[in-house]
Each structure stands twice: as structure tokens, then as C-alpha cells.
Amino acid sequence: MMKVSRSAVVARRAALQTRNSSSLQVTISGLNYVGTGLSAIALAGVGVGIGNVFGSFLLAAARQPNMVRALFNYAILGFALTEAIGLFALMIAFLMLFA
């Protein structure tokens, strides 16, 4: 077994404590913006979903004009639920960005 002097152990411990980790810190703080951008992709899906809701409403209203009032209520419900998902995604994006 090899003996290590106490001063060598203290010097090694001091070298480990003063190690600069600035590149790691920059990388981790930069990932905050990447995660925010990825969570904002859900907003594009919400736009497509709202387009589908109202496109389907127009198609159904053209096929059965006597059901327009009931179909409009369903379309507004679908719009509200789809928009709520978008607001949740936006809230998560802002939480990731500023928290």
C-alpha cells in the first residue's frame, strides 16, 4: 500500500474545490430557452385544432342548415376546450422561462 502525504491530499482537495465549471453552467442555463421553445410548439397544435373545429362546424352547417344553432354551441365548446389547452401550454412555457 502506497502512503500519500497529508499535504498532497490537501492540495488535491483544494484543486477540486477551485475547479471552474462555467461552461457547464452556461450549457444548463441555455437549456432553459430550448425547453421553453419546445413547449411553445403545442401552440401550433392548438391553432390547427381550432381550425379543425370551425372547419368541421362549417361543413356540418352546410350539410344540415336546420341544426346550425346546436352545432354552433358544440363548436364554441370545442373552441373553448382547445383554447384552454393552448393556455396551459403557454403557462408552462412561461413557467419554464421565468421560474
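Note that the structure is predicted; figures quoted are calculated from it, not measured.
Contacts of F94 classified as ring pair (Phe, Tyr, Trp, His ring centres under 6.0 Å), with partners at least two apart in sequence or in another chain: none. The side-chain contact (heavy atoms from CB on, under 4.5 Å) test applied to S56 returns no partner, not counting sequence neighbours. In terms of the side-chain contact (heavy atoms from CB on, under 4.5 Å) criterion, residue partners of V46 (sequence neighbours excluded) are, by chain and number, I50, T82, E83, I85. Considering only residues two or more places apart in sequence or on other chains, F79 meets the ring pair (Phe, Tyr, Trp, His ring centres under 6.0 Å) condition with F54. Applying the side-chain contact (heavy atoms from CB on, under 4.5 Å) rule to L77 yields the partners L81; only residues at least two apart in sequence or on another chain are considered.
We find the CD1-OG1 distance between I41 and T36 to be 11.5 Å, quoted to the nearest 0.5 Å.
L87 is not connected to L95 by any chain of hydrophobic side-chain contacts under 4.5 Å among Ile, Leu, Val, Met, Phe, Trp and Tyr, and they are in different clusters. The cluster map of Ile, Leu, Val, Met, Phe, Trp and Tyr, joined by side-chain heavy atoms under 4.5 Å apart, puts M91 and F98 in different clusters. Note: the hydrophobic cluster containing L97 also contains L90 (ILVMFWY, side chain heavy atoms under 4.5 Å, direct or indirect links).
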Side-chain donor-acceptor distances from residues 57-71 under 3.5 Å, at least two apart:
none

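Between V53 and A75, the shortest heavy-atom distance links the atoms CG1-O, 3.5 Å.
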